[in-house]
Number of protein chains: 2
Amino acid sequence: MRTVTERSDAVLAVATAFRRFGYEGASISAITEQTGLGKGSLYNFFPGGKEDMATAVLDEVGAWFQAEVYEPLLHEGTASARITAMFDAVEAYFTSRQLVCLFGAFALGQERTRFGEPIQQYFAAWIDALRTALHDGGAGREADDAATDMVSGIQGALVLARALDDISLFHGALDRMRARALTLLD
Amino acid sequence: MRTVTERSDAVLAVATAFRRFGYEGASISAITEQTGLGKGSLYNFFPGGKEDMATAVLDEVGAWFQAEVYEPLLHEGTASARITAMFDAVEAYFTSRQLVCLFGAFALGQERTRFGEPIQQYFAAWIDALRTALHDGGAGREADDAATDMVSGIQGALVLARALDDISLFHGALDRMRARALTLLD
DNA sequence: GTCTATAAAGCGATAGAC
DNA sequence: GTCTATCGCTTTATAGAC
């Protein structure tokens, strides 16, 4: 059996392993089983080993959010449409990924030391884009705190929904944040 | 050098190691260095090894929250005083513990599989006690969602404050939640 | 690009002296 | 209750065939 793979596919498969096992918990052999790729393939794609894999995964996720969340938040349509679209995109994203935000999970562990810069970048860019959209929509001084609270609230909802093993907690929290955002606009 | 230790002291020291390294990242030798206890002492206190250590740590933290957060929330004083006291206690607790909630951190990782029941218990009891206090204070139907949002909001604030390495994000978020709680009462 | 075999280091855990 | 030595296993990573 020799199914040739592209690196970008390998990155997605490795990301699944990290979501499931965490960074420390994802041993190379666990990643091998989860992804179906042998060690040879893995070290071919990621010469720097596990840390290289994690960097590639964070890059991929960061790029996805940049393209699908932050930029739409800044450019297209009315403020309320943009913000609603953000919640929809984020809800679909985490729902299809076991309610794990790799940046959030890494921020809580010792991984924060190794990957501090991309983690910081991810959250700073998100808050910044959301604050801008809120401000564009007429939210005044409260746009700052509101943007922070919403990004924070999404992370908290992920923690709680996983802890209580109840995905409706995630959907419910996002519904309330969506509604609150709309009350801040015009 | 033979400094005799009590198990309860060992539990507190091990907790610090888990906060710093995470469950998977805290190797026995790392716990040895962090705590100053040798392997002999550790396995004397925790015959079940690492899993035993984590269980003891979660028990200790859970008991602390039960005594210092949940019960005061249910019994003493006016609702607004009880809720303010909760935020104060929680703020001081996590501030002095590197902004790590072990239950929240474990909920995001594979540790959730092993320690699912205590994790669930911790958050369910917290939400339940807070909901009761809010209800006692005159908050109506919204007490349910508000209690969930506040416990979730605290977890989110911990994630964000660690990710951006800015403790003021934690204090600011708690200030706003405190204020919101008061607007829900009477 | 993928496989298998293997090396070197670190892991959790145990045994026995004190 | 604490120490040191050690076992057996798994880990990350590499080498070389295909």
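So you know, we letter chains A, B, ... as the sequences are listed, proteins then strands, and number each from 1. All figures in this text were calculated on a predicted structure; none of them were measured in a lab.
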Extract from the structure each pairing of a protein N or O with an N or O of nucleotides 8-11 of chain C at less than 3.5 Å, listing the distance.
residue, atom, partner, partner atom, Å
C:dC11, OP1, B:Ser27, OG, 3.3
C:dC11, OP2, B:Ser29, OG, 3.2

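- Looking at residues 31-48 of chain A, you'll see A:Lys39, A:Tyr43 sit with a heavy atom under 4.0 Å from some atom of DNA chain D.
- Residues passing the salt bridge (charged side-chain N to carboxylate O under 4.0 Å, His left out) test with A:Glu71, sequence neighbours excluded: none.
- With sequence neighbours excluded, the residues that form a side chain to side chain donor-acceptor pair (under 3.5 Å) with B:Asp144 are B:Arg131.
- By the 4.5 Å heavy-atom criterion applied to side chains, B:Gln155 and A:Leu160 are not counted as neighbours.
- Minimum heavy-atom separation, B:Met86 to B:Val69: CG-CG1, 3.7 Å.
- The aromatic rings of A:Trp126 and A:Phe123 lie parallel to each other, with less than 30° between the two planes, well short of the 60° mark.
- Put simply, the side chain of A:Ser152 gets close to the backbone of B:Ala157: a donor and an acceptor are under 3.5 Å apart.
- Sorted by first and then second residue, the ring-ring contact (aromatic ring centres under 6.0 Å, His included) pairs with a member in residues 13-35 of chain A read A:Phe18-A:Tyr23, A:Tyr23-A:Phe106, A:Tyr23-A:Phe115; sequence neighbours excluded.
- Following rounding to the nearest Å, A:Glu51 (CD) and D:dA13 (C1') show an atom-to-atom distance of 14 Å.
- Under the 30°/60° scheme for interplanar angles, the aromatic rings of B:Phe65 and B:Tyr93 are found to stand perpendicular.
- Side chains of B:Val14 and B:Leu37 form no contact here, defined as non-hydrogen atoms less than 4.5 Å apart.
- Put simply, the side chain of B:Met150 does not reach to within 4.5 Å of the side chain of B:Ile83, judged on heavy atoms.
- Listed by residue number, there are no residues of residues 10-18 of chain A with a heavy-atom contact under 4.0 Å to DNA chain C.
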